[in-house]
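What follows is a short report on a single structure.
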Protein chains: 2
Amino acid sequence: MVPKYSSSRENYVKAIFHLQEIHGTVTTNDVASEMQTRPASVTDMLKKLKAQKLLLYEKYKGFKLNTEGRKVALQIIRKHRLWEFFLVEKLRFGWDEVHEIAEELEHISSKKLIDRLDEFLGFPKTDPHGDPIPDSQGRYTISRQVDLLNLPVNQIAEVSSIGDQSVEILELLNHKHIALGTRLEVKKKFAFDNSLELKIKNQSTVTISEHVAKNVFVKYDDE
Amino acid sequence: MVPKYSSSRENYVKAIFHLQEIHGTVTTNDVASEMQTRPASVTDMLKKLKAQKLLLYEKYKGFKLNTEGRKVALQIIRKHRLWEFFLVEKLRFGWDEVHEIAEELEHISSKKLIDRLDEFLGFPKTDPHGDPIPDSQGRYTISRQVDLLNLPVNQIAEVSSIGDQSVEILELLNHKHIALGTRLEVKKKFAFDNSLELKIKNQSTVTISEHVAKNVFVKYDDE
DNA sequence: AATAAAATTTAGACAAATCTAAAAAATAAA
DNA sequence: TTTATTTTTTAGATTTGTCTAAATTTTATT
């Protein structure tokens, strides 16, 4: 009934996973600065993670998680993001205040708990920040979040957030039937003023200015 | 943002609180056997708790929590019981499987989290085992859980659990309109066969056998 | 009241996670 | 390709929580 890995070990695995997603390979200093700790402490932990067979590591060379390590990382990320979703959707927290609490909750060990929570929340695909939530097998779909200017033409996407929170832009978007969750695609880009022509799914075709496009963020599945 | 007390310290405080509720005063051996640890470890921790001013302790004498210690204990108990309630009511766990998970969740530090959870759950007064949940100030109403044979005559009480889980007893109780949460009182006790006459609140008067009475547990506010 | 038994505490050790300061290895620069 | 710089690792301490074995204090029993 004792957790397989300590909170500390889990935090290292999570940090390494995060860094190797960005840079491919990971260094001791990277981890130290990511985790606000000392390089010597990182080295100490690397040895333990290697002994536990979560890590490919030879001293003075770079390192990365092996398959088992990635599996562990994805389960922690799953827990973190499901708890964040819970805090925002059920307990009415703002998305800016949930991270710290989820840092604690992600270390609760029960697998059954997290699977039941997932079900209770309706199997959400992304957390309140738009990041994907791995399923109980660790599978997830990478969705990219970009503003409309950077959305490839003919790529179907879903509105995930609005940059500018002014009443004015919301009024404009509302008029054009664009809201959070709306599925749409860019049909044409006009180089002259960077305005866009959008096809709102199952709806009309509308035109928006560069200024608006910059403030509408969408996500779409990669590949 | 670091928790004020470690999980280990919190577990000791909780155990001491539990024991002093039962026996008034607490001994080193009591705590050791309650926590499945060694007396020497208890002594070590007592010193730390005393240094932290949670405990009245002189060596070789007994000890007990001071006001601050009791406050801390009640907040942990509050968290434990609210999480148990959540697990049973929202995530459909059985009450026999929630204790261990709540042992972990009770150490999550955010006060705001627990107050929001309390609100989300509708400010429940008791956990799934019928034990009282302290409010955010640590106040709670003691309710006693007894079987119907031991319920004083004319004492209004609420059905809190059923001992025997057979289909047969549930069918019988269902027929007599007795369910979890039903409010009732004992009007008459027949010494001949220990059968009881009950008044179901806002409903009929019914008679049940000793066998049934033994398996129906109720709770009522003390004093 | 003296002694036996039980409870409690101390002394000293250990594991986990962290740190500082110094040494070693790898990389960059002259 | 030496030398200088940066990165990484080691050596040795520290803190927290735990343990065993021995010593001490309290309580119970003749």
Side-chain angles (χ1 to χ4, degrees), chain A residues 1-16 19-20 22-65 69 72 76 103-104 106-107 109, chain B residues 1-16 19-20 22-65 69 72 76 103-104 106-107 109:
Chain A
M1 311 297 160
V2 174
K4 230 169 171 178
Y5 310 105
S6 70
S7 293
S8 179
R9 276 162 149 78
E10 290 192 344
N11 286 332
Y12 275 93
V13 169
K14 196 176 48 147
I16 295 167
L19 292 169
Q20 76 183 26
I22 302 172
H23 302 114
T25 178
V26 189
T27 71
T28 304
N29 271 355
D30 278 356
V31 176
S33 79
E34 169 90 4
M35 296 192 65
Q36 316 241 67
T37 185
R38 298 303 171 145
S41 309
V42 175
T43 303
D44 289 345
M45 186 55 86
L46 292 180
K47 287 187 201 156
K48 293 172 193 166
L49 296 179
K50 188 190 178 180
Q52 241 170 137
K53 296 198 202 306
L54 299 177
L55 199 66
L56 304 170
Y57 164 66
E58 297 304 328
K59 50 185 197 168
Y60 292 108
K61 311 280 165 63
F63 49 89
K64 52 165 61 174
L65 297 172
V72 171
I76 304 163
E103 287 287 299
E104 285 187 63
E106 72 188 6
H107 302 296
S109 60
Chain B
M1 312 298 158
V2 173
K4 233 171 172 175
Y5 310 106
S6 70
S7 292
S8 179
R9 276 162 149 77
E10 290 191 344
N11 286 333
Y12 274 94
V13 169
K14 197 177 47 147
I16 295 167
L19 292 169
Q20 77 183 25
I22 301 172
H23 302 112
T25 179
V26 189
T27 69
T28 304
N29 270 354
D30 278 356
V31 176
S33 79
E34 169 90 2
M35 297 192 64
Q36 317 241 66
T37 186
R38 296 303 169 143
S41 309
V42 175
T43 303
D44 289 345
M45 185 56 86
L46 293 179
K47 287 187 203 157
K48 292 171 194 166
L49 295 179
K50 186 188 179 181
Q52 240 168 136
K53 296 199 202 304
L54 298 178
L55 199 66
L56 304 170
Y57 164 66
E58 297 304 328
K59 50 185 198 165
Y60 292 107
K61 312 281 165 62
F63 48 90
K64 53 165 61 174
L65 297 172
V72 171
I76 303 163
E103 287 288 299
E104 286 187 63
E106 72 188 5
H107 301 297
S109 59

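Sequence lines set the chain letters: A, B, ... in the order given, protein chains first and strands last, and positions in each chain run from 1. This structure is a prediction, so every number in the text was calculated from the model and none was measured.
- Residues from residues 36-50 of chain A placing a heavy atom under 4.0 Å of any atom in DNA chain D, listed by number, are Pro39(A), Ala40(A), Thr43(A), Lys47(A).
- When DNA chain D is scanned 5' to 3' for any atom under 4.0 Å from a heavy atom of chain B, the first and last hits are dG17(D) to dT26(D).
- Screening residues 40-58 of chain B for side chain to side chain donor-acceptor pair (under 3.5 Å) gives no qualifying pairs among residues at least two apart or on separate chains.
- Proximity of Phe63(A) to Leu56(A): side-chain heavy atoms (C-beta onward) are nowhere separated by under 4.5 Å.
- Spacing between atom OH of Tyr60(A) and atom P of dT27(C) amounts to 12 Å, rounded to whole angstrom units.
- No contact: Phe63(B) has no heavy atom under 4.0 Å from any strand.
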Requested in this report: Kindly indicate, with the supporting measurements, whether the criterion side chain to side chain contact (heavy atoms under 4.5 Å, CB included) is fulfilled by Lys64(A) and Ile16(A).
Outcome: CA-CA 7 Å; Lys64(A) 52 165 61 174; Ile16(A) 295 167; 5.7 Å; no
Requested in this report: Go through the steps for His107(A) and Asn11(A) under the test side chain to side chain contact (heavy atoms under 4.5 Å, CB included), then give the verdict.
Outcome: CA-CA 9 Å; His107(A) 302 296; Asn11(A) 286 332; 3.0 Å; yes
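- Across Gly69(B) and Val13(B), no two heavy atoms sit closer than the pair O-CG1, 3.6 Å.
- Atoms CG (Asp30(B)) and P (dA6(C)) sit 16 Å apart, rounded to a whole Å.
- In this model, the phosphate group of dT18(C) is approached by a side-chain N or O of Tyr12(A) to a distance below 4.0 Å at OP1 or OP2.
- Applying the 4.0 Å criterion to OP1 and OP2 of dT9(C), one finds that Thr28(B) has a side-chain N or O inside that range.
- Shown here are the salt bridge (charged side-chain N to carboxylate O under 4.0 Å, His left out) partners of Glu106(A), two or more places apart in sequence or in another chain: Lys14(A).
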Report task. Under the side chain to side chain contact (heavy atoms under 4.5 Å, CB included) rule, what do Tyr12(B) and Thr37(B) come out as? Steps first, then yes or no, please. Result -> CA-CA 11 Å; Tyr12(B) 274 94; Thr37(B) 186; 3.9 Å; yes
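- The salt bridge (charged side-chain N to carboxylate O under 4.0 Å, His left out) analysis of residues 22-42 of chain B, with sequence neighbours excluded, yields no pairs.
- With hydrogens and angles ignored, the 3.5 Å screen pairs a side-chain donor or acceptor of Gln20(B) with a backbone N or O of Leu65(B).
- Dashed line: the shortest gap from a side-chain N or O of Asn29(B) to OP1 or OP2 of dT8(C) is under 4.0 Å.
- Residue whose closest nucleotide on DNA chain C sits further toward the 5' end, between Thr27(B) and Lys61(A): Thr27(B).
- Residue Tyr57(B) contributes atom OH, which lies 12 Å from atom C1' of dA7(C) at whole-angstrom precision.
- Computed from coordinates, the Met35(A) CE to dC19(C) C1' distance equals 15 Å when rounded to whole Å.
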